[in-house]
Every structure is written in structure tokens, then in C-alpha cells.
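Notes follow once the structure below has been shown.
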Amino acid sequence: MQVFKFGGASIKDANGVKNLASVLKKLGSKNTLIVVSAMGKTTNALELVLKNYFENKAELQSSLQEVKKYHNEILLDLFDNVNHTAFKKVNDLFDELNSFLKTNKSPDYNFVYDQTIGFGELVSTTIISEYLNSIGLKNNWIDVRTQIKTDNYHRRANVNWKETQQLIASNFNTSYLNITQGFLGSDSNNFSTTLGREGSDYTAAIYAYCLNANSVTIWKDVPGILNADPRYFENAQLLNKISYREAIELAFYGASVIHPKTLQPLQGKEIPLYVKSFLNPEAAGTQIGKNTTLEPLIPCFIVKKNQVLISLSSLDFSYIVEENISDIFNLLHQYKMKVDVIQNSAISFSVCVDNIYNNLEKLLQHLKAKFKVTCNENVSLYTIRHYNKTSIDQIETGKTILLKQLTQETVQIVTK
């Protein structure tokens with residue numbers, strides 16, 4: 001059993017869908033599951049639909065029609081006959097989305113987000129499934145929400161592994177070519193949930209674990225895992241081999257190629273993960289596995305933009321000790337702040353966070369009741385694994401350093 005995951009960039013248009021089919025023909029489609037993201041920038045487009053739903057109802061239908069038009073153009077490029085069942089199936093999905101937006105009563109953005117955003121994956125997999133059938137690659141379309149069960153922590157749901165394993169084991173035929181959606185699940189009430197941005201990689205790992213797959217391959221628009229994001233760093237190099245441990249470290253610090261949760265289930269059953277280019281499917285790419293050293297052993301750079309650095313000090317110059325730190329972390333948890341770096345001294349405490357849920361102002365007001373608070377927004381967090389002096393100098397040159405923390409293998413630098 002092999003699991004292939006295709007991201008949005010790989011299927012952004014009709015040629016991308018045809019290339020996906022070409023990859024399957026070259027590498028085999030029997031005993032295969034393909035996990036697919038939304039096409040192109042559909043998730044971003046649906047986030048605009050959500051923004052209009054809550055803030056600008058006059059533009060809601062227009063933004064929704066743009067998403068529908070984009071997918072209809074792909075359908076027209078793939079199918080000669082407008083009466084093909086693919087058109088009706090996709091139209092029905094958009095009707096279902098529109099109906100939800102008209103009848104929903106919940107004011108909770110995170111709940112509405114999860115009920116809305118996954119239509120990108122439902123539409124993309126429907127189109128691809130129909131196209132593969134039309135060219136003779138018969139496949140079984142699976143609604144992932146019937147198999148991956150989660151809690152109701154919307155936008156970052158936690159998997160109920162016991163129930164998920166039981167559902168996949170009893171409702172999956174490995175002899176077929178199967179296709180399903182990444183990123184999605186459902187809670188105990190069958191409301192849709194999402195696993196966090198880039199969660200499609202995680203979906204592939206969940207299925208691989210539950211099905212005891214031989215391997216997982218993530219298809220990207222890059223040749224594999226690079227030592228730096230080429231959008232921000234020049235001369236990025238391909239990493240040929242990485243251990244699970246090293247990949248988990250890179251993912252934890254925010255490497256965009258791999259979702260942070262993806263590697264744990266694969267490591268648990270020692271399932272190798274390959275990251276390859278859909279533009280050159282027969283190239284080796286990057287292999288992640290057990291007892292594999294980093295090859296080549298070079299500094300690896302990660303940057304996270306638009307972070308928030310919060311610095312606290314006691315109002316009366318008393319020590320910031322266990323009780324204070326416990327209170328701080330309870331508040332960070334309460335306001336759903338993702339913590340990236342912490343640093344403390346006797347009377348000060350600094351934390352760099354990702355304000356995913358836009359709760360910063362509420363958090364700051366709460367903290368100001370007990371601490372002197374300084375807040376720097378829109379800072380950048382740089383992480384270097386296997387750093388050397390040259391790599392640190394490369395990051396620090398021309399920037400204001402707000403926080404710097406070194407361990408034996410890793411340096412983290414917050415800059416303004």
C-alpha cells in the first residue's frame with residue numbers, strides 16, 4: 001500500500017490534474033491512496049468568502065461565484081461534454097455550500113470556517129476522481145469525514161485515533177485506487193473539522209499509519225525538502241536524507257514543507273516518507289526515515305513572519321517564578337496562542353507567539369492586570385538548525401535583534 005499526497009500547487013489547473021494522472025501511470029495506481037488538497041489558492045479564496053460572510057454580505061455571492069468559476073474552467077478543460085456527471089457533482093457541492101451560508105445560525109467564526117473551508121477539498125477530489133475514471137483509472141472516492149474522527153477543536157482538531165483506526169480498517173479496500181480529501185475530519189456530531197493549515201500531509205500520515213502503508217510520498221513544486229525556503233533565502237540546497245527526529249525538529253520550528261504533526265504516526269511504524277517534485281516524479285527527492293543522518297550536513301534556515309513578541313516584567317520587581325509562569329501559560333492556552341520561543345530571567349519573561357485566533361488584545365489586557373507588558377507585533381522569528389557563525393551573521397546583518405537564544409544544535413533569533 002502506498003499513499004500519495006498532492007498539494008494545491010500540483011493541481012492548480014487542468015494540466016496539473018493531467019500530470020497527477022501521469023504520475024499514477026508511471027509509478028502505479030494499484031493498492032494506492034491519493035490524498036488531495038484544494039486546487040491552487042482555493043483555500044485563500046474561500047477565506048475571502050468567509051470574510052465577506054461575516055463583514056460584507058454584499059460581496060458574498062460575488063466571491064463565491066469566483067471560486068465556482070475557477071473550478072468550472074478546470075472542468076471545461078478536462079471534459080469535452082458539459083453534460084458529464086462531474087459538472088453536476090461539483091455544482092451540487094457549491095449549492096450545498098451556498099445553502100449552509102444562507103441557513104447557518106452560528107456566530108462562531110471557527111465553527112463556520114470548518115463547515116465552509118473544506119469544500120475546496122471536496123470539489124478538487126470530485127473533479128480528479130471523475131477525470132481519472134474518464135481515462136480508465138477507475139477509483140473509489142472517499143469522504144474523509146466518514147473515516148477521520150476528531151474532537152470539536154475547530155481549525156486545529158485533534159484526532160480520535162481509536163475510532164479513526166476502527167473506521168478506516170472496516171471501510172477501506174486496499175485493492176482499489178482510492179482518493180480522498182486532506183485537511184478534513186468530523187466530530188462526534190458529524191460537523192466538519194479541520195486539522196490546521198497544511199493538514200493534508202497529516203491526513204496522508206494518518207491513513208498510512210492505520211493501513212500499515214509501505215510508504216508516503218508528498219508531491220510538491222520543489223525537488224524535495226530544502227535547507228531553506230527559496231522565497232526568503234538564496235541558494236537553497238536539497239536535503240537528500242533526513243532522520244525522523246531531524247524532520248520533526250524542522251517541522252516543529254515551522255519548516256513549511258512538512259506539517260508538524262505528520263511525522264509522529266509515520267515514525268511510530270517506521271513508514272518512510274518521501275518528498276518529491278510532481279514536475280520530475282522519477283527524481284529521488286528527499287527520503288525521511290529511521291536512523292538516517294542529515295545529508296548533506298549543512299545549516300537549515302526557517303523563518304516565521306508576522307509573529308508577536310510579548311515581554312513581561314513584574315510590577316514590584318518580585319521574581320517571576322513557577323506560580324507566575326503557570327498563570328502566563330494558562331492565559332496563553334486560554335487565548336489559543338501558539339508559543340514558538342520563551343525566555344525568562346529573574347524578573348522578566350518573554351514569549352514569541354503566533355496570534356492565529358486574533359486574541360492578542362484580550363490577552364494583553366489580561367496580562368496588564370499583573371505585569372508590565374511590552375508588545376512587538378509583526379516581528380520575524382528565524383531558526384537555524386546546525387548553525388555556524390556565518391549562518392548567524394547572515395540572519396543578523398541589518399536587523400534589530402529583539403531576542404536571541406542558542407542551544408547546542410539550534411539558534412532562534414527574533415528580529416524587527
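Just so it is clear, the values below take in all heavy atoms, side chains as well, and ignore hydrogens, waters and symmetry mates.
- Taking NZ of K12 as the start and CG of D221 as the end, the distance is 8.0 Å to the nearest 0.5 Å.
- Summarising the geometry, atom OG1 belonging to T180 is positioned 8.5 Å from atom CG belonging to L122; distances are rounded to the nearest 0.5 Å.
- Here the options are L297, I298, V275, the test is side chain to side chain contact (heavy atoms under 4.5 Å, CB included), and the partner is L239; only I298 passes.
- For the residue pair S175 / N173, a side-chain donor-acceptor distance below 3.5 Å is found, with atom types taken as modelled.
- Counting non-hydrogen atoms of other residues, nucleotides and ligands closer than 6.0 Å to CZ of F119 gives a total above 12.
- Taken from CD1 in I242 to OG1 in T293, the straight-line distance is 11.0 Å, to the nearest 0.5 Å.
- With values rounded to the nearest 0.5 angstrom, F111 atom CZ is found 8.5 Å from S192 atom OG.
- Atom CG of N280 sits in a crowded spot, with more than 12 heavy atoms from other residues, nucleotides or ligands closer than 6.0 Å.
- A donor atom on one side chain and an acceptor atom on the other are found under 3.5 Å apart for E47 and Y113.
- Looking at every heavy atom in both residues, F329 comes nearest to V339 through CE2-CG2, 4.4 Å.
- The shortest side-chain heavy-atom distance between I148 and Y207 falls under the 4.5 Å cut-off.
- L238 and G285 get closest at one heavy-atom pair: CD2-O, 4.4 Å.
- The environment of K269 atom NZ is dense: over 12 non-hydrogen atoms of other residues, nucleotides or ligands sit within 6.0 angstrom.
- For NZ of K416, the number of neighbouring non-hydrogen atoms (other residues, nucleotides, ligands) closer than 6.0 Å is greater than 12.
- Note that K57 lies in the cation-pi zone of Y53, set by a 6.0 Å cut-off to the ring centre and a 45° limit from the axis.
- Side-chain atoms of R155 and T194 form no donor-acceptor pair, as typed in the model, at a separation below 3.5 Å.
- Within a 6.0 Å radius of NZ in K68, more than 12 heavy atoms belonging to other residues, nucleotides or ligands are found.
- Counting heavy atoms from C-beta on, the side chains of K404 and Y382 never come closer than 4.5 Å.
- For the residue pair S22 / N19, no side-chain donor-acceptor distance below 3.5 Å is found, with atom types taken as modelled.
- Between F6 and F278, the gap from one ring centroid to the other reaches at least 6.0 Å.
- The CD1 atom of I288 lies 12.5 Å from the OG atom of S215; values are rounded to the nearest 0.5 Å.
- Under 3.5 Å, the side chains of D114 and T193 contain no donor-acceptor pair of N or O atoms.
- Side chains of S345 and S348: a donor-acceptor N/O pair is present below 3.5 angstrom, by distance only.
- No hydrogens or angles considered: nothing links the side chains of Q61 and N52 as a donor-acceptor pair under 3.5 Å.
- Judged by the 6.0 Å and 45° rule, K336 forms a cation-pi pair with Y153.
- Taking the six-membered ring for Trp and thresholds of 30 and 60 degrees, F54 and Y109 have ring planes inclined between 30 and 60 degrees apart.
- In this structure, a donor-acceptor pair under 3.5 Å is absent between the side chains of Q2 and T217.
- Of the options L363, L309, L360, a side chain to side chain contact (heavy atoms under 4.5 Å, CB included) to C375 is made by L360 and by none of the others.
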Stepwise, does the side chain to side chain contact (heavy atoms under 4.5 Å, CB included) test hold for Q166 with K162?
CA-CA 6 Å; Q166 290 173 344; K162 182 178 179 181; 3.8 Å; yes
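- Under 3.5 Å, the side chains of N139 and N133 contain a donor-acceptor pair of N or O atoms.
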Give the C-alpha distance, both sets of side-chain angles, the deciding distance and a yes or no for side chain to side chain contact (heavy atoms under 4.5 Å, CB included) between Y387 and Q412.
CA-CA 10 Å; Y387 62 88; Q412 292 190 281; over 6 Å; no
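- The heavy-atom pair separating F301 from S391 by the smallest distance is CZ-CB, 3.5 Å.
- Counting non-hydrogen atoms of other residues, nucleotides and ligands closer than 6.0 Å to NZ of K399 gives a total above 12.
- To the nearest 0.5 Å, the span separating CG on D143 from OG1 on T125 amounts to 8.0 Å.
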Evaluate the side chain to side chain contact (heavy atoms under 4.5 Å, CB included) criterion for residues M1 and N212: first the C-alpha distance (whole Å), next the side-chain angles of each, then the deciding distance (0.1 Å), finally the verdict.
CA-CA 8 Å; M1 181 73 190; N212 295 312; over 6 Å; no
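- No more than 12 heavy atoms of other residues, nucleotides or ligands shown are found within 6.0 angstrom of OH on Y176.
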Yes or no on side chain to side chain contact (heavy atoms under 4.5 Å, CB included) for Y253 and K304, after CA distance, side-chain angles and deciding distance?
CA-CA 9 Å; Y253 289 117; K304 298 180 76 171; over 6 Å; no
